[in-house]
Amino acid sequence: MTQTYDVIVIGAGPGGYVCAIRAAQLGLKVACVEKRVTLGGTCLNVGCIPSKALLQSSEDFDHAAHGLSDHGVIVENVRLDLARMQARKAEVVGANVKGVEFLFRKNKVTWLKGTGRIVAAGQVDVDGTIHTTKHIVIATGSESTPLPGVTVDEKRIVTSTGALELDAVPKHLVVIGAGVIGLELGSVWRRLGAEVTVIEFLPRIVPTLDTEVATAFQRILAKQGLKFRLGAKVTAAVPTETGIALTVEPAKGGAAETLEADVVLLAIGRRPFIEGLGLEAAGVALDERHRIRTDAHFATNVPGIYAIGDAIAGPMLAHKAEDEGVALAERLAGQAGHVNYDVIPSVVYTWPEVAAVGQTEEELKAAGIAYKVGKFPFLANGRARAMGSTDGFVKLLSDKITDRLLGAHILGPDAGTLIAELALAMEFGASAEDVARTCHAHPSLNEAVKEAALAVDGRALHI
Ligand code: FAD
Ligand code: NAI
């Protein structure tokens, strides 16, 4: 029997499930279609959560094996139980996805199990049953971008999904793409003992980062044993008896060479997942990069059909998808939901972490905006010294005339937590002076943020 809803959300990732919950909180009758056997989407099942579980475990392993003797803590015979590490990761994922199921029950969101296809505005087919609704929200997320010549089998040539499931530490892991996935998962397997080579098309790593930060970050990763081949591309990956033979060429052309790996991780970006959704038949327009085209309020060109998250333009981040889900649900309930795209933090969860919000120095230069820079190294921060984590620095960019914060970049311990202070400051339109005059607890890593804010005006105290 079909039922009429106010909202049917297709996809239960952080965009879709949060949109469904918020819409239900606001009194709308909501269903969410999900074809996976568990809720939570890429993020909870095969993305953010399992990767952070393995990053934490591998960091603990590395610390126990190499980092504790400096503290006078002697641990002998550190051994890896990879099966237990993977089982723990599965437990973490299990608890999270069950949590979303609980939230659906609590908020009376109906989970329509199966694959959703839009028949027309107001009608969604779920495995042969048509459900009617006032509004349709597409939140179908993204998938790994394929590379011609590199055929993924998720065993020896893997995307992030296979890289999270390896049951043995590879001898040589070759990562294609020095982006967020490549560096996070490359770090995991490096710490667990793999030789890791990262091949990147561009002459630098993580193209979205401030260049000065990216350069320092690469140096630290290289010290940890990651090898980089920048300005290079893989044109073929052929399985052999012993592993994979990769053909690597200079990005700008030149002689090819062969590289042997036993596992290859393909991580050259992600693309919207819109297969089988019926967009063409429903008349929903895409943009030039095959993302669903929306206006500033998440509406597609077809009245009654909306889209959010990785399937539309903008950074492919879970918190961006969530905030869009909330804003859209509020709009559908007659409120004024809004997302401030100028203040979306991003974090690379390596050690040290890298976090950023707002504009990079290169973006400010390109936009012709006059700016001031304040920097402070963790080497001069007492808490970082006590922790034994002095790599990295805080870099703040503020408007030359008004002093308003325009960008914040942190390479260092717990950068992903530290950046929240600056995101909040920027959301409130704070100046570097405002941050500098805010009392920061001592001894804390956040004092490096305060000192960088002081440094914008040339008056850092501890350097
Ligand atoms: P998704 O999470 O992809 O969810 C879409 C859901 O829709 C899926 O469950 C899918 O099964 C379902 N679906 C698709 N089509 C249909 C259909 N026709 N019918 C029914 N269901 C359908 N972001 C961060 O912010 N922080 C991180 O630390 C982070 N780590 C990541 C690590 C990895 C390895 C990966 C791959 C990604 C990571 N991301 C991270 C990115 C983050 O996972 C995505 O930005 C986020 O999941 C996007 O949310 P979404 O709701 O748009 O889509
Ligand atoms: P990415 O866009 O971060 O990086 C891809 C890298 O591959 C880039 O450096 C690019 O120049 C390079 N590249 C592209 N084509 C190439 C080729 N043919 N050969 C060699 N290099 C090539 O994409 P990634 O790492 O796959 O991650 C996808 C998305 O998932 C990210 O954009 C991010 O939004 C999200 N993510 C977020 C995380 C976080 O927030 N901590 C963690 C993991 C993923």
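Keep in mind it's a predicted model, so treat the numbers as computed, not measured. Each ligand, and each atom within it, is numbered from 1 in the order the structure gives. For reference, positions follow the sequence shown, starting with 1.
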Sequence neighbours excluded, the answer for salt bridge (Lys or Arg N to Asp or Glu O under 4.0 Å) partners of Glu421 is none

Hey, is ligand 1 close enough to Thr115 that some N/O pair sits below 3.5 Å? no

Taking ring-ring contact (aromatic ring centres under 6.0 Å, His included) as the definition, give me every residue that meets it alongside Tyr306, ordered by chain and number, with sequence neighbours left out. His135

Partners of Glu260 by salt bridge (Lys or Arg N to Asp or Glu O under 4.0 Å), sequence neighbours excluded? none

For the residue pair Thr242 / Asp262, report whether a side-chain donor-acceptor contact shorter than 3.5 Å exists. no

Considering only protein heavy atoms, which is closest to atom 40 (C) of ligand 1, and at what distance to one decimal place? Cys48 SG, 3.2 Å

Value for OG1 (Thr211) from NE2 (His409), rounded to nearest 0.5 Å, stands at 10.0 Å

Indicate whether any N or O donor in one side chain lies under 3.5 Å from an N or O acceptor in the other, for Thr360 and Asp210. no

What atoms of ligand 1 come closer than 4.0 angstrom to any heavy atom of Ala139? 5 (C), 6 (C), 7 (O)

Name each N or O atom in ligand 2 that is under 3.5 Å from a protein N or O, and give the partner atom and the distance.
{"unit_1": "ligand 2", "atom_1": "3 (O)", "unit_2": "Val180", "atom_2": "N", "d": "3.2"}
{"unit_1": "ligand 2", "atom_1": "9 (O)", "unit_2": "Glu200", "atom_2": "OE1", "d": "2.6"}
{"unit_1": "ligand 2", "atom_1": "9 (O)", "unit_2": "Glu200", "atom_2": "OE2", "d": "3.3"}
{"unit_1": "ligand 2", "atom_1": "11 (O)", "unit_2": "Glu200", "atom_2": "OE2", "d": "2.6"}
{"unit_1": "ligand 2", "atom_1": "21 (N)", "unit_2": "Phe201", "atom_2": "N", "d": "3.2"}
{"unit_1": "ligand 2", "atom_1": "23 (O)", "unit_2": "Gly269", "atom_2": "N", "d": "3.4"}
{"unit_1": "ligand 2", "atom_1": "25 (O)", "unit_2": "Val180", "atom_2": "N", "d": "3.2"}
{"unit_1": "ligand 2", "atom_1": "25 (O)", "unit_2": "Ile181", "atom_2": "N", "d": "2.9"}
{"unit_1": "ligand 2", "atom_1": "26 (O)", "unit_2": "Gly269", "atom_2": "N", "d": "2.9"}
{"unit_1": "ligand 2", "atom_1": "34 (O)", "unit_2": "Met316", "atom_2": "O", "d": "2.6"}
{"unit_1": "ligand 2", "atom_1": "40 (O)", "unit_2": "Val347", "atom_2": "O", "d": "3.4"}
{"unit_1": "ligand 2", "atom_1": "41 (N)", "unit_2": "Glu184", "atom_2": "OE2", "d": "2.9"}
{"unit_1": "ligand 2", "atom_1": "41 (N)", "unit_2": "Val347", "atom_2": "O", "d": "2.7"}

Atom indices of ligand 1 within 4.0 angstrom of Tyr349 heavy atoms, with elements: 28 (O)

Tell me which one of Thr42, Val348, Val37 gets a heavy atom nearest to atom 3 (O) of ligand 1. Thr42

